[in-house]
Each structure stands twice: as C-alpha cells, then as structure tokens.
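See below for the structure under consideration.
Bear in mind the structure is a predicted one, so any value in this text is a computation, not a measurement. Position 1 is the first residue of the sequence; numbering continues from there.
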Amino acid sequence: MAQRALLTVVLLLALAEAGTGQPTPGALKFSGSLRSRVESWDWFQGEADNRYAYSGSLLRLSLGQQRKDVDWQIEMAIPVLLGLPANATVPGPQGQFGLGAAYFVANDRSRNAALPFLKQGYLRFKKLGGSDAHSLRVGRVEFIEGTEVTPKNPTLATVKRDRIAHRLIGNFGFTHVGRSFDGVHYVFTTPLHNVTLLAARPTRGVFQVDGWGELDVAVFYGAYTRQLIAPKSSGELRGFVIQYTDWRDVLKTDNRSLAARRADRANVRVNTVGGHYLLAAERLGGVMDLLVWGAIQSGRWGTQDHRAAAVALEAGYQLPVWSSIKPWLRGGVYHGSGDNNPSDNKHGTFFQILPTARWYARFPFFNLMNNQDFFGQITVRPHPRLKLQSEVRSLRLSTQNDLWYLGGGAFQPWTFGFVGRPSNSSRGLATLFDLSADYEINSSVSVGAYFGRAQGKSVPASIYPRGPNASLGFVELGYRF
C-alpha cells in the first residue's frame with residue numbers, strides 16, 4: 001500500500017509539472033524520481049534466517065532554479081522499507097545476514113521504516129572572477145569522486161562511470177537512503193583540464209532512514225583531471241588526494257583483539273594519494289580500453305600507524321563482429337592490502353573510506369579491503385534499450401591474518417561503518433557468477449533485474465558450516481520526471 005501511495009504521488013506531481021509546459025530560462029524547475037526494488041536474499045547458512053525478501057523504495061523530489069550567476073536546489077528524499085527480516089542477525093562472527101539485516105538493525109530493529117529528510121540543499125555560485133570556468137557549491141550536496149569530468153569518448157565515459165567512480169567516495173546510491181555531504185565544493189573546468197576540491201562532512205543515512213544529521217567525520221578531497229586526445233585514441237589522467245578524519249568514539253573494525261580495540265579510543269586519520277589512467281583506442285576494427293588505478297595511504301589508525309595500498313589493472317575489447325549485439329569483453333585484477341600482523345603497531349589494511357560498495361561488488365558480500373579480485377565480464381546490447389551483463393569473479397583475502405571485510409563506511413554516530421569476520425587462517429572467499437539485465441522502456445521508465453550466486457570457499461565455510469554458498473536476486477523499477 002505504501003509503495004502504491006508513493007507511485008500515485010509521483011504520477012500526480014509529474015502530471016502537474018507536465019501541464020506547465022517547457023520552463024523558461026530562470027524559471028523554477030521541479031523534478032524527481034522514484035526507484036522501487038524487491039530483493040531476495042539467500043545468505044550463507046548459519047544460526048539465523050538466511051532466506052528472506054523485502055522491498056525498498058526511494059522517492060526524491062527536487063525544486064531548483066538556474067540563474068545567470070547563482071543556481072539553487074532543494075531536494076527531499078523519502079525512503080520506505082517494508083518487510084525487513086527480524087531474525088537475520090546473530091552475534092559474531094556470523095553477524096548480519098545480508099543488507100536486509102543491516103537495514104533492520106540500523107532502524108531500531110523495525111520491520112518497516114520511512115522518514116522524509118533533506119537530501120540536497122545548496123547554492124551554486126557561477127562566473128567567479130568573471131569566468132565561466134569557476135563554480136562553487138555551498139550546502140548539502142551529493143558527491144562522487146571520479147565523476148569530475150565526463151569524457152566525450154563513449155568508451156571512456158562508460159569505463160569511468162562503471163570502474164572509476166565511487167571507489168573511495170560515493171553517494172551509496174544503491175541503498176534505499178544513500179549518502180550526502182555538508183560542505184563546500186569548488187570546480188574549475190576547461191575542455192582539457194579540471195580541478196575539483198571538496199571540504200565536507202558526510203551525513204547519516206545509507207541504511208538508516210533518518211538522513212538528517214551529520215557525522216563527526218571530515219573529508220577533504222582534491223583532484224586534477226587532464227583529457228588526452230589523439231587522432232585514433234582518447235585518454236584521461238587524474239591525480240587525487242583525500243584526507244579522512246573520524247572523531248567518533250566508536251569501536252574500530254580491524255584484526256586486533258577485542259580488548260585492544262576497546263582500549264584504543266584515538267581518532268582515525270587517513271591520507272590517501274592516488275590516480276588513474278584511462279585509454280580507449282581503435283584496434284583491429286574494434287575498440288580497446290585500458291584502466292590503471294592505484295592509491296597509497298598513510299596516517300593514524302587510532303594508536304597505530306597506518307600504511308596501506310591498492311591497485312587495479314583492467315582491459316577490455318569491443319569486438320568488431322556480431323555488431324547486432326555489440327559484445328564487449330573486459331577483465332582485470334584488483335589488490336587491496338591487508339594487515340599481516342595484528343600484534344605490531346602498524347595497520348596495513350587498505351581503507352576504502354566512504355564508497356558506494358555495491359559498485360565494485362554487485363553482490364555486496366565483500367568490498368575492496370584486504371581483497372584480491374580477478375574478474376572477467378561480458379556486456380551485450382541486443383537492442384539499443386537493453387543491456388545484458390555477466391561477470392565471474394575469483395575472490396580471496398590478500399592476507400590470511402586479516403579479516404573478511406564488508407560495508408561502505410560511516411553512516412551512524414555509533415556504528416563504525418565497516419564490519420569484519422575472521423579469516424580463520426584461510427584466504428579463499430568465493431567464486432561469484434552473476435547476470436544483470438537493464439531495459440529502458442522510455443526516457444522516463446526503466447526496469448532492471450539481477451541475480452548473483454557465490455560459491456563460498458574456506459573463509460565462509462569456517463564461519464557458516466551449514467552452507468558456504470549464497471545468492472542475491474532483485475527486480476527494480478525506476479521512474480524519472
């Protein structure tokens with residue numbers, strides 16, 4: 001009933017907006033979206049309910065105005081969660097059985113939850129210093145690192161959207177609440193160059209429907225992006241720096257003993273320096289693409305020194321045959337460091353900061369911390385509006401002395417944001433097979449479906465002895481107006 005009511009509201013508002021005709025320059029603009037998804041989880045088998053289904057919807061309503069020197073936007077979000085699993089959580093190490101359990105715990109153990117909150121509210125000042133190249137947003141914004149520039153080359157644009165954006169800072173848009181940032185966002189951009197700066201605090205949200213408040217966390221981000229253009233190839237080069245500081249008095253997630261972690265009340269301060277290189281070139285009648293991404297980290301992990309690193313190497317080729325389905329093959333490897341010795345004074349686990357975790361884990365039972373990921377992917381488009389994609393991933397922990405990590409970063413004052421399960425001196429995580437289908441019915445309506453199956457290896461088998469395999473399936477409807 002609640003989802004039908006939301007859809008009715010959206011349709012009425014869309015009809016009212018359509019009746020006003022095309023907006024004139026400087027006029028108020030109303031827009032919005034509704035996304036509704038039904039998820040079916042079959043988590044690794046343990047002492048709680050591993051099989052369940054629930055639904056989640058997110059309605060977003062936006063009002064804004066674009067003027068010569070100043071833009072503004074106010075956007076409200078209304079997440080609605082229905083039928084969350086009440087018996088899908090047990091004490092560690094098995095913990096929460098999938099995202100349904102995470103929603104349930106984050107919302108005061110309620111099976112149904114909903115709450116409107118301010119998703120965005122900002123002023124954008126343009127033509128700073130009399131130049132169109134400068135702009136400044138102040139207020140509550142959404143921010144995704146790696147999306148500073150959209151390359152004109154369609155291959156580069158797709159690879160950047162799917163395999164660069166969201167890695168370390170994202171809006172966690174897959175969840176039914178998401179994440180915003182309160183702060184200042186500066187952009188300098190020309191056809192070949194872009195400089196982006198962000199100083200902000202992340203908001204609550206992600207799994208809890210109350211997205212109003214801020215967190216005692218600060219993020220400073222700076223990036224320079226350069227477009228590389230040649231006659232038969234296009235490329236992009238970006239360098240970035242991120243400083244993350246967490247003042248919350250919460251129990252950190254790492255591979256030390258519980259007593260050691262409880263005794264460590266010091267702040268987390270992680271500095272990240274990294275970059276990426278992208279290339280798309282015409283070769284042998286098709287299009288080849290190459291991705292190189294890497295980051296190194298330093299700082300303090302409470303009382304420990306923090307030193308970590310991560311690297312990703314990927315390549316793809318769009319075959320010149322079977323043009324009716326446009327096959328695109330991609331593959332690659334990722335390595336995120338783990339901590340090899342929990343007893344020394346060094347923390348070596350790569351810290352993923354505030355990502356959209358599902359972007360790099362389509363079945364989100366893992367993330368990029370203490371992780372090695374070898375993958376192959378095929379994408380076909382049998383129709384201009386239909387995209388089919390399938391992946392196979394071989395996953396293992398980088399070091400057996402560290403944890404199996406899940407999560408996407410801070411979202412509550414009392415929750416660290418990442419969870420870890422013991423490796424039990426093993427490295428094998430899972431082989432993941434999946435398939436997704438996305439279809440655009442028209443410019444406003446889209447539908448999607450996903451199914452993933454994880455064949456668990458030694459790490460989940462040691463934690464979930466009743467069954468080390470898991471699966472996730474969902475269907476989703478999107479409507480924009």
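The one candidate from F351, W404, F411, Y405 that meets the ring-ring contact (aromatic ring centres under 6.0 Å, His included) condition with F418 is F351. Looking at D289, D162, T379 one by one, the single match for side-chain hydrogen bond (donor to acceptor under 3.5 Å, both in side chains) with R330 turns out to be D289.
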Test salt bridge (Lys or Arg N to Asp or Glu O under 4.0 Å) on E236 and R238 and set out the steps.
CA-CA 7 Å; E236 182 180 275; R238 176 182 64 131; 5.8 Å; no
Checking side chain to side chain donor-acceptor pair (under 3.5 Å) for the pair N341/N401: CA distance, chi angles, key distance, verdict?
CA-CA 7 Å; N341 186 354; N401 295 327; over 6 Å; no
Can you check side chain to side chain contact (heavy atoms under 4.5 Å, CB included) on L258 and L251, steps first, answer last?
CA-CA 9 Å; L258 179 59; L251 188 67; 3.8 Å; yes
Begin with the C-alpha distance, continue with both residues' side-chain angles, and end with the deciding distance and a verdict on side chain to side chain contact (heavy atoms under 4.5 Å, CB included) for L58 and I78.
CA-CA 6 Å; L58 179 61; I78 308 174; over 6 Å; no
Should Y464 and W43 be marked as a side chain to side chain donor-acceptor pair (under 3.5 Å) after you check the CA-CA gap, both sets of side-chain angles, and the distance that decides it?
CA-CA 10 Å; Y464 302 96; W43 192 251; 3.2 Å; yes
K119 vs R140, test: side chain to side chain contact (heavy atoms under 4.5 Å, CB included). Steps then yes/no.
CA-CA 7 Å; K119 184 65 175 173; R140 176 164 291 191; over 6 Å; no
Could you go through the ring-ring contact (aromatic ring centres under 6.0 Å, His included) check for W301 and F416 one step at a time?
CA-CA 13 Å; W301 188 267; F416 187 69; 5.8 Å; yes
When you look at R300 and Q304, which way does the side chain to side chain contact (heavy atoms under 4.5 Å, CB included) test go after all the steps?
CA-CA 6 Å; R300 298 290 294 177; Q304 294 183 306; 6.0 Å; no
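Note that CG of N469 and CZ of F44 are 8.0 Å apart. Values are rounded to the nearest 0.5 Å. Between the CG atom in L99 and the CG atom in L472 there is a gap of 8.0 Å [rounded to 0.5 Å]. In this structure, CD1 in I164 is found 4.0 Å from CG in L291, a value given to the nearest 0.5 Å. Rounding to the nearest 0.5 Å gives a distance of 5.0 Å between CZ of F433 and CD of Q455. Rounded to the nearest 0.5 Å, atoms OG1 (T272) and CD (E145) are 10.0 Å apart.
Classified by interplanar angle (parallel below 30°, tilted 30° to 60°, perpendicular above 60°), the ring pair W41/Y52 is parallel. Under the 30°/60° scheme for interplanar angles, the aromatic rings of F363 and F365 are found to stand perpendicular.
Applying the ring-ring contact (aromatic ring centres under 6.0 Å, His included) test to W359 and every residue at least two apart in sequence or in another chain returns H166. Not counting sequence neighbours, S458 has no partner by the side-chain hydrogen bond (donor to acceptor under 3.5 Å, both in side chains) test. Among residues two or more places apart in sequence or in another chain, the ring-ring contact (aromatic ring centres under 6.0 Å, His included) test is passed with Y450 by F474. Scored by the side-chain hydrogen bond (donor to acceptor under 3.5 Å, both in side chains) test, E391 finds Q377, Q389, R393 as partners (sequence neighbours excluded). Contacts of F143 classified as ring-ring contact (aromatic ring centres under 6.0 Å, His included), with partners at least two apart in sequence or in another chain: H185, Y221. The ring-ring contact (aromatic ring centres under 6.0 Å, His included) test applied to F366 returns no partner, not counting sequence neighbours. For the side-chain hydrogen bond (donor to acceptor under 3.5 Å, both in side chains) test, residues two or more places apart in sequence or in another chain that qualify with N255 are D339. The side-chain hydrogen bond (donor to acceptor under 3.5 Å, both in side chains) search around D216 returns R201, not counting sequence neighbours.
Within the structure, the salt bridge (charged side-chain N to carboxylate O under 4.0 Å, His left out) test picks out the following pairs touching residues 445-469 (sequence neighbours left out): E47-R466. Residue pairs meeting the salt bridge (charged side-chain N to carboxylate O under 4.0 Å, His left out) criterion with at least one member in residues 84-108, sequence neighbours excluded, do not occur. Residues in residues 257-274 take part in these salt bridge (charged side-chain N to carboxylate O under 4.0 Å, His left out) pairs, two or more places apart or across chains: D249-R265, K252-D264, R256-D264.
V184 has its side chain out of reach of L198: every pair of non-hydrogen atoms, C-beta onward, lies at least 4.5 Å apart. A 4.5 Å side-chain heavy-atom check between I463 and Q94 finds at least one atom pair inside the cut-off. Looking only at side-chain heavy atoms (C-beta outward), L118 and E75 stay at 4.5 Å or farther from each other. For the pair R37 and S57, the minimum side-chain heavy-atom distance is 4.5 Å or more. Looking only at side-chain heavy atoms (C-beta outward), T155 and W328 come within less than 4.5 Å of each other.
Defined by atom type and a distance below 3.5 Å, a donor-acceptor pair is missing between the side-chain atoms of Y334 and Q372. No side-chain N or O of T349 forms a donor-acceptor pair with one of N370 less than 3.5 Å apart. Judged purely by distance below 3.5 Å, without hydrogens or angles, the side chains of N271 and Q243 pair a donor atom with an acceptor atom. Of the N and O atoms on the side chains of Y122 and Q73, at least one donor lies less than 3.5 Å from an acceptor on the other residue. Side chain to side chain, E39 and H176 meet the donor-acceptor criterion of an N or O pair below 3.5 Å.
Aromatic ring centroids of F481 and F30 lie under 6.0 Å apart.
Nearest heavy atoms, R396 versus G428: CB-CA, 4.3 Å. Residues G407 and A357 share a closest heavy-atom pair of O-CB, 3.7 Å. Considering every non-hydrogen atom in both S55 and V38, the closest pair reads CB-CG2, 4.1 Å.
Classification of R204 and E214 as a salt-bridged pair fails, no side-chain N sitting under 4.0 Å from a carboxylate O. Using a cutoff of 4.0 Å between basic side-chain nitrogens and carboxylate oxygens, R179 and E142 are not scored as salt-bridged.
Enclosure of atom NZ in K346 is not indicated, since only 12 or fewer non-hydrogen atoms of other residues, nucleotides or ligands lie within 6.0 angstrom.
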Would you tabulate the side-chain donor-acceptor contacts of residues 438-448 under 3.5 Å, counting partners in other chains and residues two or more places apart, or write 'none'?
| residue | atom | partner | partner atom | Å |
| --- | --- | --- | --- | --- |
| N442 | OD1 | S444 | N | 2.8 |
| N442 | OD1 | V445 | N | 2.8 |
| S444 | OG | R480 | O | 3.4 |

